[in-house]
Amino acid sequence: MEENKLPLSFYQAYDTCTLAQKLLGCELVHNSPDGITSGIIVETEAYLADDPACHAYNRRTPRTEPMYGPAGTIYVYLIYGMYQCVNVVSNREDIGEAVLIRALQPTQGIELMQTRRSFNQKKQREENRKIALKELCRGPGKLVKAMGIERSVHNNQHLFDSSLFITKPIMEDFTIVAGSRIGINVGRDLPYRYYVHNSSFTSK
DNA sequence: CCGGTGATGTTC
DNA sequence: AACATCACCGGG
C-alpha cells in the first residue's frame, strides 16, 4: 500500500482546481496506532490564493502557514469549535492554496471508523448508535473523525512522510461533476467543488 | 430550522 | 479586551 503512494511530482504537476479533480478516485489512508482506515476520495473543493473564501486569502499567519508549504503538505484546521477539516496543500511553496477533502467512500477499517464516529467527546464515552456506511465519511468533519485525523498530529506534516497519505487512483470510469462550494458566503459563485457523479458517499 | 463550541483575525 | 466570523454537525 505504501508503495502505491502518489509521488511528490503528482502534487506539483497540476494547478489547484485540476489537482482537486485528480484526487477524486484516489485513496486516503491513515495507518494509525489503532489500525488502518481508508476511503476513496469522492468529493473535494479547491481554495485559491485569489479567492476570498480561502483561509490564506491576503493573509499569512501562524494558522495558514501550512498552506504556504510545498504541495502535498497536510493542512488541518479547527472549525466551529468542535470539528476539524483536512486539506491537501497545492501549488508552489509560498502560494497559499489547498484542496479540501469533503467525502470518502470507506474501504478499510470500517469498524474502527464506526467506533471513532460513535465516540461522544462531551460525555467521554462511546455511544450505541450504529452509523450507516454511507454516513461514515459524508462531510469534511465526519471523515476527519472517522479517519482519526488530528490537527495536533498531522497539521503541517507532508503526505509523503506521515501516517496519513494518499495512494494512486483505484476508481475507474467515473464522471466528475463541478458545482458551487458548500457552507461559504464569499466566493459561492465559483464552481470549485468537484464530486463523483452518482456516488452515494458524497455530502449534499 | 437552530445552537454548541473555541480558535482566529480584526478592531478598538 | 471585545467582537464577529467560521470550508460543520446533530437534534428537532
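Residue numbers begin at 1 in each chain, while the letters A, B, ... track the order of the sequences.
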Cation-pi check, A:R193 to A:Y195: give yes when NZ or CZ is under 6.0 Å from the six-membered ring centre and within 45° of the ring axis, no otherwise. yes

Do the numbers put A:K5 on top of the ring of A:F160, so that NZ or CZ is under 6.0 Å from the six-membered ring centre and no more than 45° off the axis? yes

Please report the C-alpha distance between A:N156 and A:E65 in whole Å, then the side-chain angles of each, then the deciding distance to 0.1 Å, and finally whether the side chain to side chain contact (heavy atoms under 4.5 Å, CB included) criterion is met. CA-CA 8 Å; A:N156 208 26; A:E65 189 59 28; 5.9 Å; no

Check this one for me: any side-chain N or O of A:R102 less than 4.0 Å away from OP1 or OP2 of C:dC8? yes

If you check the [X] side chain, which of [options] turns out closest?
{"X": "A:I184", "options": "B:dA7, B:dG4, C:dA7", "answer": "C:dA7"}
{"X": "A:M82", "options": "C:dG10, B:dG4, C:dA7", "answer": "B:dG4"}
{"X": "A:T61", "options": "C:dC8, B:dG9, C:dG10", "answer": "B:dG9"}

Just how far, in rounded Å, is [atom2] of [N] from [atom1] of [X]?
{"X": "A:I182", "N": "C:dA7", "atom1": "CD1", "atom2": "P", "result": "12 Å"}
{"X": "A:R117", "N": "C:dG10", "atom1": "CZ", "atom2": "C1'", "result": "10 Å"}
{"X": "A:K145", "N": "C:dC9", "atom1": "NZ", "atom2": "C1'", "result": "10 Å"}
{"X": "A:E65", "N": "B:dT8", "atom1": "CD", "atom2": "C1'", "result": "15 Å"}
{"X": "A:R188", "N": "C:dT5", "atom1": "CZ", "atom2": "P", "result": "14 Å"}
{"X": "A:Y47", "N": "C:dC6", "atom1": "OH", "atom2": "P", "result": "12 Å"}
{"X": "A:L190", "N": "C:dA7", "atom1": "CG", "atom2": "P", "result": "14 Å"}
{"X": "A:R151", "N": "C:dC8", "atom1": "CZ", "atom2": "C1'", "result": "15 Å"}

Which part of the nucleic acid does [X] contact within heavy-atom distance under 4.0 Å: base, sugar-phosphate only, or nothing?
{"X": "A:L78", "result": "sugar-phosphate"}
{"X": "A:R181", "result": "nothing"}
{"X": "A:G81", "result": "base"}
{"X": "A:N87", "result": "base"}

Going by centres under 5.5 angstrom and planes under 30 degrees, do the aromatic ring of A:Y80 and the base ring of B:dG6 stack? no

Position toward the 5' end of DNA chain B (nearest nucleotide), A:Y83 or A:T64: A:Y83

Does A:R181 pair with A:E45 as a salt bridge, N-O distance under 4.0 Å?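 Between A:E45 and A:R181 there is no salt bridge, as every charged N stays at least 4.0 Å from the carboxylate O atoms.
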
base_contact_polar (C:dA7 base, A:Y77 side chain, donor-acceptor, <3.5 Å):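 Flag set: donor-acceptor pair detected.
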
NZ (A:K22) with more than 12 external heavy atoms under 6.0 Å: no

Using a cut-off of 6.0 Å, state whether more than 12 heavy atoms not belonging to A:D94 lie near its atom CG. yes

Which base, if any, makes a Watson-Crick or G-U wobble pair with C:dG10, both distances under 3.5 Å?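 Base-paired to B:dC2.
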
With both distances under 3.5 angstrom, what nucleotide forms a Watson-Crick or G-U wobble pair with B:dT11?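 Answer to the pairing question: C:dA1, which forms a Watson-Crick or G-U pair with B:dT11.
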
